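Remarks on the structure that follows.
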Amino acid sequence: MRPMTDQWRGPVLVTGTDTEVGKTVVTAAITAAAQAAGLRVAVVKPGQTGTATGEPGDIEAITRLAAPMTGRTLAAFPDPLAPLAAARVAELPPLELYNAVDAIREEAEKHDLVLVEGAGGLLVPMGVRPSGEPWTVADLAVSLGAPAVVVARAGLGTLNHTALTLEALDRRAVPAGVVVGAWPAEPELVHWANLSDLLPNLLGALPAGAGAMDPGVFRRSAPGWLTPALYGVLDDWRAWADEIS
């Protein structure tokens, strides 16, 4: 499945092949690139978990790096679990699908681009439908009619995980592209081989450690990590490879 070639507007889902693949930093990079291109950007986190530690959540991290026009968390739960499981453990009301849809559409009326960062991978249970059945990030993409950015690892195992995620999106008629969440400073053969296989769907690649950058440097650098489909300026992967190798 090839990514869309036109610029993405309205709600866009940011999901991952797994947890800890760089979704938050990629969301921040897309935010920075889109705002540099003149777009009004909102970022919505439907379900934030692990809040008991007192550490900043994903919206706070994105705000520090990219300063979106609007940042919004719809539901937060203390335990570091999938959002639906975290709600049950905490005995808190789970996030209802159509409440999330309405909140995201509300932001889409006021912004050019609404980035919706999921939790974990595509099929992680996020909350419940009015019927009581669980819903996932994939269900949210279908309900919104939104495309998806899939954040993937650079190393061993990424091809299978990425292919499974893209196949699941394709079966649901959700257009998707891939961004590598953390390209290593010293790539090995496996990284280059994976890059070659990912290229047909690739919309960007962030350097490892991008989230620790000074925010000003991050915002200036972000367009160079993303292709024009995601408001960046990266249009020649061969030149990119020559520059970093």
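Atom set for the values below is all heavy atoms of this structure, side chains included, hydrogens, waters and symmetry mates excluded. In this text the structure is predicted, and so the values were computed from the model without any measurement.
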For R172, side chain to side chain contact (heavy atoms under 4.5 Å, CB included) partners two or more places apart |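 For R172 the side chain to side chain contact (heavy atoms under 4.5 Å, CB included) partners, ignoring immediate neighbours, are L123, A138, V142, A168, V174.
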Only distances under 3.5 Å count here; give the side-chain donor-acceptor pairs of residues 178-190 to other protein atoms, sequence neighbours excluded, each with its distance to 0.1 Å.
none

Which pairs, with at least one residue in residues 44-66 and sequence neighbours excluded, count as a ring pair (Phe, Tyr, Trp, His ring centres under 6.0 Å)?
->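 Ring pair (Phe, Tyr, Trp, His ring centres under 6.0 Å) check on residues 44-66 returns no pairs.
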For residues 201-228, which residue pairs qualify under ring pair (Phe, Tyr, Trp, His ring centres under 6.0 Å), counting only residues two or more places apart or in two chains?
->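 Residue pairs with at least one partner in residues 201-228: F218-W225.
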With sequence neighbours excluded, give me every salt bridge (Lys or Arg N to Asp or Glu O under 4.0 Å) pair touching [range].
range	value
residues 115-136	K45-E117, R129-D139
residues 201-230	none
residues 229-240	none
residues 12-24	D18-R153

Return each pair, listed once, that meets side chain to side chain donor-acceptor pair (under 3.5 Å) where at least one residue sits in residues 70-80; pairs must be two or more places apart or across chains.
->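 Qualifying pairs, neighbours excluded: T70-H111, R72-E107.
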Results of salt bridge (charged side-chain N to carboxylate O under 4.0 Å, His left out) for E96 - residues two or more places apart only =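 E96 satisfies salt bridge (charged side-chain N to carboxylate O under 4.0 Å, His left out) with no other residue.
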By side chain to side chain donor-acceptor pair (under 3.5 Å) - contacts of R105 (at least two apart) |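 For R105, no residue satisfies side chain to side chain donor-acceptor pair (under 3.5 Å) once neighbours in sequence are set aside.
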With sequence neighbours left out, write down each residue that passes side chain to side chain donor-acceptor pair (under 3.5 Å) with T17, or none if nothing qualifies.
->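 Listed in chain order: nothing, the list is empty.
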Measure from the side-chain N and O atoms of T49 to the backbone N and O of L81, and report whether any donor-acceptor pair falls under 3.5 Å.
->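 Checking the backbone N and O of L81 against the side chain of T49, a donor-acceptor pair under 3.5 Å is found.
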